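Just so it is clear, the structure is predicted and the values come from calculations on it, not from any experiment. Numbered from 1 within each chain, the chains take letters A, B, ... in sequence-line order.
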Amino acid sequence: MRSTLTRRLATSFAAVLLGSVALAPATLAADVTDIGYVDQAALSNIASFTNANRQLATFKASLDRQFVHRMHGIRDAGIQARIAQEFQNKLSSRQRELFGPLLQRAQVAIASVASSKNLSVVMDKRIVIVGGQDVTANVIDLLNGPGDPIPPVNTPPPSSVGYVDQTQIDAIPKLKAANDDFQKFQAGQQSDAQTKLKGAKNDADRQAVLKDYQAALADKQKQEIQPLVDQTRDAIAGVARKRGLLLVIDRSNLIYGGTDITSDVTTALK
Amino acid sequence: MAFAALAGCAGHEATQPDPTPPPADGRVGFVRMQELVKVHPLYSQLAHLDEDMQALQLQSVGSNVARNGADIAAAERALQRELDVAADRTKKVLGQKQQEYMKREQAAIDAAIGATAGAGSGGDAIAGNVARDARSQQQNAARLAQANFDAYRRQVADQSNAAARSLQHSLANRASRTYRARAEELAKHEADFALQEETEDASERLSLRTKLSNLALDDDTRADVKKQLDALDRKEADALGALKNRDAETLALLQAHLRTTTQAELLAAVGNLRKRTLAKIDARGIATRQTLVAQLGVPATGNGVAVPNGIPANMRSKLQALHATYQKQFDADASQTIARFQKTRADLTKRFRQIAGIDADAQASANRQLGALAKQRGDLYSEMVAQIGREVKMVAQKRGIDVVVSDVVAPAGGVDLTADAEKDIESLHE
């Protein structure tokens with residue numbers, strides 16, 4: 001639950017901030033003191049988030065029981081999938097309802113702290129191994145304090161750290177087609193492996209099935225996915241160099257600021 | 001599949017050197033964490049856990065797939081065939097045993113009558129002729145009566161089995177409803193309790209937060225107020241946690257109680273059902289024997305063994321004792337055969353349930369196993385990443401790098417510390 005929340009925090013922050021980030025100029029200040037990070041796990045431990053989590057857990061427990069009841073005796077895979085989707089939608093809707101306002105408030109608090117400390121970028125703590133400014137405590141203080149945090153007046157300063165939105169890059173037709181093809185291949189291999197596993201007589205047989213399955217996936221990935229991966233990486237590196245960036249990270253690891261180069265990368269790849 | 005993410009993990013520098021060097025900035029570095037994890041001494045354990053999880057997921061998904069559509073019908077038909085074969089085999093074995101014991105008993109009765117006749121009235125031949133004549137008439141009638149009786153017994157047993165299955169289903173449904181209702185009631189109570197706790201502490205929390213917002217507050221007082229706020233949160237979380245633990249215990253007890261009472265109720269009801277079935281079969285057995293006696297004017301033992309009329313009382317009681325002995329031996333032998341059949345039936349029933357997806361325990365157990373493996377994997381990965389982090393810090397210090405980031409999508413102008421960190425991590429193997 002926490003990791004899901006954390007991912008959602010990162011995604012939501014980045015998504016909302018995307019619109020407000022100004023495109024960085026070609027020449028950027030290479031000052032590493034403007035890099036900050038936040039421990040999102042610590043943020044998710046504050047009272048308002050734990051309360052929301054508790055409410056969601058209660059709702060999910062009730063939903064799970066209803067789900068088991070509804071699925072009882074249903075053997076048609078299509079109907080099973082439809083019911084599962086219906087329950088997933090209910091859960092997602094409740095999750096948005098509970099966490100939406102909290103995430104918005106947290107995002108304003110992070111922006112406020114980042115602005116007051118002149119940070120050009122705030123990342124997820126998990127990817128920062130050395131250095132950077134930890135602003136978690138300041139953000140928590142703001143969130144726990146009375147009233148709503150005040151949004152900063154200025155947009156984030158230009159940053160030497162760039163980011164790309166993987167979901168947009170994955171949606172480029174040729175990449176999407178390759179991805180879909182791989183998914184189909186994987187589903188077919190999985191089905192074959194399951195049939196073979198049913199007939200396996202001992203552990204050695206099962207191990208052999210699993211090895212074959214993994215090898216088939218690895219081969220397919222090497223042949224059809226790897227060339228596109230190389231092409232994508234080269235395009236990102238090229239755009240980053242042109243714009244004088246030091247690093248490019250994924251949007252899911254970015255919480256505030258940064259320089260969005262997604263559009264340049266998608267253009268280069270098309 | 002995330003192409004950009006894969007790009008970050010692909011180890012580009014090693015395979016395709018960049019022709020134009022990026023702008024140098026000695027203060028920002030990066031490492032490719034996936035590569036460092038692969039050279040860590042504990043990587044083999046991590047890979048092993050990944051394989052275990054993948055295998056479990058495949059098998060778990062596989063069993064779900066088997067529950068759908070034509071697969072399930074085919075599997076059920078195969079099991080039904082196995083059950084029919086086992087039932088037929090049991091009936092055949094029981095029939096053979098019955099014939100065998102009848103022969104043995106008849107031989108013993110003939111021997112007993114022959115011995116008495118020889119000792120009392122002048123020869124085995126007379127007694128033997130009497131017995132043979134009676135046997136040839138009576139065995140035909142007894143065979144017919146036995147066939148009718150067997151058909152009746154099968155019919156009654158089938159009815160009884162169907163009633164037992166229906167009862168089992170109904171009891172299981174009732175227990176499930178009771179459990180669900182209680183679980184929902186407790187969940188609602190937990191939610192109410194959490195809300196009540198929060199409401200009760202709301203004014204105190206607000207007061208503490210208001211104090212915190214006072215800019216003139218000195219550090220000690222601020223720390224103290226924070227502590228009080230933390231204590232308040234802990235108190236609420238502990239109280240709710242304790243309630244949840246109690247509720248979980250209550251539900252576990254209820255589940256155990258429901259399982260025990262349902263089992264006991266089922267056993268009692270099935271016992272009664274069996275008693276009634278046996279009583280019906282016995283009554284029909286007695287009626288069959290009485291009909292035989294009325295038709296042929298001879299008493300017959302329970303197995304249809306012929307006993308001539310007009311034998312002395314002491315011989316009759318001796319024959320009855322003989323019959324009781326053979327009946328007892330047959331019952332003991334037959335009960336072993338029946339026990340073997342019941343075990344086969346129980347195994348097949350269990351497989352029926354698994355196929356129909358009723359064996360929720362098995363599914364839950366697979367999920368628990370997956371959860372435990374995922375936790376073990378997460379813990380191990382965190383431990384490895386923490387150790388790698390320490391090594392990277394030392395490398396960064398040596399090279400004067402201020403900030404190091406992992407999982408970059410493209411390196412651009414940052415300094416790649418992966419190779420240096422790899423060397424340090426590989427030295428951990430030594």
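With contacts defined as side-chain heavy-atom distances shorter than 4.5 Å, the pair A/Val161/A/Leu246 does not qualify. Within the 4.5 Å cutoff, the side chain of A/Leu245 has heavy atoms near those of the A/Ile261 side chain. The shortest side-chain heavy-atom distance between B/Asp420 and B/Arg399 falls under the 4.5 Å cut-off.
Contact annotation for A/Ala61: neither backbone nor side-chain heavy atoms come within less than 4.5 Å of a heavy atom of chain B. When heavy atoms are compared at a cutoff of 4.5 Å, B/Val31 approaches chain A solely by way of its side chain, counted from C-beta outward. Both the backbone and the side chain of A/Ile129 come within contact range of chain B, with heavy atoms under 4.5 Å apart. Contact of A/Gln214 with chain B is made through the side chain alone, with heavy-atom distances under 4.5 Å. Neither the backbone nor the side chain of A/Ser62 comes within contact range of chain B; no heavy atoms are under 4.5 Å apart. Heavy-atom distances place the side chain of B/Leu240, and not its backbone, under 4.5 Å from chain A. For a residue to count as touching a neighbouring chain, one of its non-hydrogen atoms must lie under 4.5 Å from one of that chain's; by this rule B/Lys226 touches chain A with the side chain only. For A/Tyr213, the part lying under 4.5 angstrom from a heavy atom of chain B is the side chain only.
Residues satisfying the salt bridge (Lys or Arg N to Asp or Glu O under 4.0 Å) test with B/Lys227, not counting sequence neighbours, are none. By the side-chain contact (heavy atoms from CB on, under 4.5 Å) test, A/Ile79 pairs with A/Ile74, A/Asp76, A/Arg82, A/Ile83, sequence neighbours left out. For B/Glu185, the side-chain contact (heavy atoms from CB on, under 4.5 Å) partners at least two apart in sequence or on another chain are B/Arg182.
Between chain B and the residues A/Val265, A/Leu210, A/Ile127, A/Val128, the largest count of heavy-atom pairs under 4.5 Å involves A/Ile127. Contact count versus chain A (heavy atoms, under 4.5 Å) is highest, among B/Arg205, B/Glu184, B/Glu236, for B/Glu184. Taking A/Thr167, A/Thr195, A/Asp141 one by one and counting their heavy-atom pairs under 4.5 Å with chain B, the maximum is reached by A/Asp141. Highest contact tally toward chain B, considering only A/His69, A/Met123, A/Gln55, A/Gln207, is held by A/His69 [criterion: heavy-atom pairs under 4.5 Å].
Between B/Ile388 and B/Met33, the shortest heavy-atom distance links the atoms CG2-SD, 3.8 Å.
A/Lys220 NZ: more than 12 foreign heavy atoms inside a 6.0 Å radius.
Side-chain polar atoms of A/Thr58 and A/Arg54 form no donor-acceptor pair below 3.5 angstrom. Of the N and O atoms on the side chains of A/Asp34 and A/Ser120, at least one donor lies less than 3.5 Å from an acceptor on the other residue.
With rounding to the nearest 0.5 Å, the separation of CD1 in A/Ile169 from CD1 in A/Ile236 is 4.5 Å.
Looking only at distances, no side-chain donor or acceptor of B/Ser213 sits under 3.5 Å from a matching main-chain atom of A/Pro146.
Inspection of non-hydrogen atoms places B/Ala191, B/Ala194, B/Glu198 of residues 190-202 of chain B under 4.5 Å from chain A.
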